[in-house]
Amino acid sequence: MRDFSYVRPDAAAEAVRLVARSADATFVAGGTDLLNLMKDGAEDHALVVDISRLPLAGIEESGGRLRIGAMARMADVALHPVVPKRLPLLSQALLASASPQVRTMATIGGNLLQRTRCWYFRGTGFACNKREPGSGCAALEGRSRWHAVLGGGDHCIAVHPSDLAVALRALDATVHTLGPDGARTVSLADFYREPGDTPHIDNALRHGELITAVEVPLPPAGTHQRYLKLRDRATFEFAVVSVAAVLRTRGRIVEEARLAFGGIATQPWRSAEAEAALRGKPLTERNIAAAGRVLVRDAQPREDNEFKVELVQRALQDVLGRYTGGSR
Ligand SMILES: Cc1cc2nc3c(=O)[nH]c(=O)nc-3n(C[C@H](O)[C@H](O)[C@H](O)COP(=O)(O)OP(=O)(O)OC[C@H]3O[C@@H](n4cnc5c(N)ncnc54)[C@H](O)[C@@H]3O)c2cc1C
């Protein structure tokens with residue numbers, strides 16, 4: 001790791017100005033991802049701007065929405081009185097992430113911007129278009145158990161890592177930012193990018209743009225919410241497959257199903273087709289299975305990750321199956 005300069009400003013505008021004016025500057029929040037990337041040589045920055053003093057850790061409910069400051073710690077959000085009650089999906093996804101130690105240090109903004117766990121990206125001895133544009137993708141011919149079956153292509157098949165982002169995708173959250181050109185709001189649907197031929201660009205942020213908050217609409221009372229994460233061990237482990245579901249029913253009929261998936265795709269994955277396969281129909285095992293088939297219709301698995309195609313359909317059946325009342 002090369003030497004770098006470090007500053008800790010008190011104002012968001014100053015933090016933005018410092019990063020925006022230098023191409024090899026970056027923000028650090030909890031540091032639980034950035035410092036590992038720098039130590040491993042996967043990222044290299046001459047200036048690190050610490051945003052931990054910025055007043056961005058508040059969590060406020062107002063007008064049917066919860067606004068979560070970007071510097072709020074994962075543990076504090078998971079246990080905030082409003083979250084387990086009104087947004088259990090968010091609470092479940094956060095508590096299924098990392099470990100208590102990491103969640104106590106790591107922030108909401110940092111979690112959304114953590115880099116992929118693809119070992120070819122993190123191991124600097126391998127070709128990786130995400131780390132070094134144009135160098136190739138070792139994962140395409142390598143071990144692919146952890147890689148994406150949806151959203152990838154010829155340049156990158158790295159899986160998006162954040163559990164939080166999958167939950168927020170199902171909850172139709174928006175991201176608030178402050179950049180050199182001022183403040184703006186981006187829906188989570190437009191926040192993450194598919195790799196295409198520019199896999200080094202993960203998201204819609206411009207250089208120097210700071211996430212200030214995330215805003216989540218509170219679903220109406222009676223809405224079912226559930227996060228299921230399947231992983232190789234019970235803690236301190238990323239998802240092999242995950243499902244986030246927000247479900248509203250009238251009697252047995254599905255009024256709305258918002259479904260997002262992790263572990264299977266290059267970004268938190270929503271399937272409008274799978275949701276449409278359920279909307280207006282009775283919630284039965286058979287209809288859930290049909291939605292699952294639609295979800296994986298365009299999957300492009302490899303030898304090591306073919307199992308995910310079956311596993312994600314079973315996970316969906318598990319998540320929604322508990323609300324069918326036994327209807328086949
Ligand atoms: C062993 C281990 C297991 C883990 N398991 C999981 C898991 O199961 N699920 C999961 O979701 N995560 C997991 N993680 C990842 C962990 O959640 C992230 O490291 C953490 O959320 C990052 O937050 P941070 O505040 O430490 O970010 P940092 O490391 O400080 O920053 C990460 C990135 O975000 C940028 N950044 C941070 N805040 C802002 C902001 N407000 N605006 C603009 N840019 C910003 C930084 O510049 C950097 O690029 C795991 C991590 C470890 C080490």
Side-chain angles (χ1 to χ4, degrees), residues 4 6 8-9 12 15-16 18-20 22 24-40 42-45 47-57 68-78 90 92-117 122 130-131 146 159-169 175-180 183-184 186 191 200-214 227 229-242 244 262-263 268:
F4 60 89
Y6 169 88
R8 191 164 53 168
V16 168
L18 287 166
V19 174
S22 158
D24 55 5
T26 195
F27 302 112
V28 66
T32 62
D33 194 35
L34 183 77
L35 297 183
N36 288 336
L37 289 164
M38 289 177 70
K39 281 191 247 174
D40 293 346
E43 286 197 18
D44 186 21
H45 302 283
L47 173 65
V48 172
V49 177
D50 185 344
I51 58 174
S52 61
R53 272 205 190 142
L54 306 184
L56 297 176
I68 306 168
M71 279 304 300
R73 309 285 167 174
M74 291 168 71
D76 294 336
V77 177
L90 189 56
Q92 290 161 18
L94 285 167
L95 293 174
S97 303
S99 66
Q101 292 90 337
V102 173
R103 294 196 295 270
T104 302
M105 195 68 202
T107 64
I108 294 302
N111 185 282
L112 294 182
L113 297 177
Q114 63 176 295
R115 309 294 312 271
T116 179
R117 306 309 283 198
R122 296 207 171 225
K130 195 181 265 304
R131 178 169 25 79
W146 285 88
V159 156
H160 175 85
S162 163
D163 291 292
L164 169 69
V166 174
L168 291 177
R169 189 82 172 82
V175 176
H176 292 262
T177 72
L178 178 68
R184 66 175 179 136
V186 186
F191 189 76
H200 58 291
I201 304 174
D202 287 346
N203 55 59
L205 291 185
R206 299 169 195 138
H207 182 67
E209 195 168 0
L210 180 76
I211 297 183
T212 51
V214 169
Y227 189 70
K229 176 173 177 176
L230 305 177
R231 49 189 159 170
D232 286 347
R233 57 182 177 191
T235 186
F236 225 1
E237 192 56 276
F238 289 84
V240 174
V241 158
S242 70

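Read the numbers this way: they start at 1 and go in the same order the structure lists the ligands and their atoms. Note that the numbering runs from 1 along the sequence shown for the chain.
Under a 3.5 Å cut-off, the side chain of Thr212 and the backbone N or O of His176 do form a donor-acceptor pair. When atom types are taken as modelled, the side chain of Arg103 and the backbone of Ser97 share a donor-acceptor pair closer than 3.5 angstrom. A donor-acceptor pair is defined here as one N or O able to donate and one able to accept, closer than 3.5 Å; no such pair exists between the side chain of Glu237 and the backbone of Asp232. Counting only distance, with no hydrogens or angles, the side chain of Lys229 and the backbone of Gly262 share no donor-acceptor pair below 3.5 Å. In this structure, the side chain of Arg184 does not engage the main chain of Thr177 through any donor-acceptor pair within 3.5 Å. Between the side chain of Arg115 and the main chain of Ala42, no donor-acceptor pair closer than 3.5 Å is present.
If you check each of Ile51, Val214, Val19 against atom 39 (C) of ligand 1, the one with the closest non-hydrogen atom is Ile51. Between Thr235, Thr26, Thr32, it is Thr32 that holds the heavy atom closest to atom 18 (C) of ligand 1.
Closest to atom 16 (C) of ligand 1 among all protein heavy atoms lies Val102 CG1, 4.0 Å. With hydrogens left out, the protein atom closest to atom 50 (C) of ligand 1 is Phe238 CZ, 3.3 Å, a heavy atom. Among all non-hydrogen protein atoms, the one lying nearest atom 17 (O) of ligand 1 is Asn111 ND2, 3.1 Å. Residue, atom and distance of the protein heavy atom nearest to atom 49 (O) of ligand 1 are Leu34 CD1, 4.1 Å. Of the protein's heavy atoms, Leu113 CB, 3.2 Å lies nearest to atom 34 (O) of ligand 1. Among protein heavy atoms, atom 37 (C) of ligand 1 sits closest to Gly110 CA, 3.5 Å. Ranking protein heavy atoms by distance to atom 24 (P) of ligand 1, first place goes to Gly30 N, 3.6 Å. Atom 12 (N) of ligand 1 has Gln114 NE2, 3.2 Å as its closest protein atom, hydrogens excluded (heavy atom only).
Taking any N or O of Phe27, backbone or side chain, at least one lies under 3.5 Å from an N or O belonging to ligand 1. Geometrically, ligand 1 and Ala98 share a nitrogen or oxygen pair separated by less than 3.5 Å. At least one N or O atom of Thr107 sits closer than 3.5 Å to an N or O atom of ligand 1. Checked by distance only, ligand 1 and Ala29 come closer than 3.5 Å through their nitrogen or oxygen atoms. Ligand 1 has an N or O atom lying under 3.5 Å from an N or O atom of Gly31, backbone or side chain. The distance criterion of under 3.5 Å between nitrogen or oxygen atoms is met by Ile211 with respect to ligand 1.
Ligand 1 has Glu209 within reach: a non-hydrogen atom of the residue lies less than 4.0 Å from it. For the pair Arg115 and ligand 1, no heavy-atom separation below 4.0 Å is found.
A 4.5 Å side-chain heavy-atom check between Val49 and Tyr6 finds every atom pair outside the cut-off. Here the side chains of Val214 and Phe191 are not in contact, with every heavy-atom distance at 4.5 Å or above. Residues Leu54 and Leu210 are in side-chain contact: their nearest non-hydrogen atoms beyond the backbone lie under 4.5 Å apart. Annotation: side chain of Lys130 is in contact with side chain of Asp202 (closest heavy-atom distance under 4.5 Å). Leu113 places a side-chain heavy atom less than 4.5 Å from the side chain of Leu205. Contact of the Ile108 side chain with the Leu94 side chain is registered, since non-hydrogen atoms from C-beta on lie closer than 4.5 Å. Put simply, the side chain of His45 does not reach to within 4.5 Å of the side chain of Val28, judged on heavy atoms.
Those atoms of ligand 1 with a heavy atom of Lys229 less than 4.0 angstrom away are 7 (C), 8 (O), 9 (N). In the vicinity of Ser162, heavy-atom distances shorter than 4.0 Å reach the ligand 1 atoms 11 (O). For ligand 1, the atoms lying closer than 4.0 Å to a non-hydrogen atom of Glu237 are 8 (O). Within the listing of ligand 1, atoms 40 (C), 41 (N), 42 (N), 43 (C) sit less than 4.0 angstrom from a heavy atom of Leu210. Of all atoms in ligand 1, numbered sequentially from 1 with element shown, those under 4.0 Å from a heavy atom of Asp33 are 19 (O), 29 (O). Listed by number with element, the atoms of ligand 1 under 4.0 angstrom from any heavy atom of Phe236 are 1 (C), 2 (C), 3 (C). Residue-ligand proximity, Val28 to ligand 1, at heavy-atom distances under 4.0 Å covers atoms 30 (O).
Annotation: salt bridge (Lys or Arg N to Asp or Glu O under 4.0 Å) contacts involving residues 24-38, sequence neighbours excluded, comprise Arg2-Asp24, Asp33-Arg117, Asp33-Arg122.
Nearest heavy-atom pair across Ala183 and Leu178 is N-CD1, 4.0 Å. When every heavy atom of Gly263 is checked against every heavy atom of Val159, the shortest pair comes out as O-CG2, 3.6 Å.
Phe27 pairs in a side-chain contact (heavy atoms from CB on, under 4.5 Å) with only one of the listed residues (Val48, Leu18, Asp50, Ile51), which is Ile51.
Of all the heavy atoms of Asp163, the ones lying under 4.0 Å from any atom of ligand 1 are found in both the backbone and the side chain. The residue Glu43 has no part lying near ligand 1, judged by heavy-atom distances below 4.0 Å. Contacts with ligand 1 closer than 4.0 Å are made by no heavy atom of Ala239, backbone or side chain. In Ala70, the part holding a heavy atom less than 4.0 Å from any atom of ligand 1 is the side chain.
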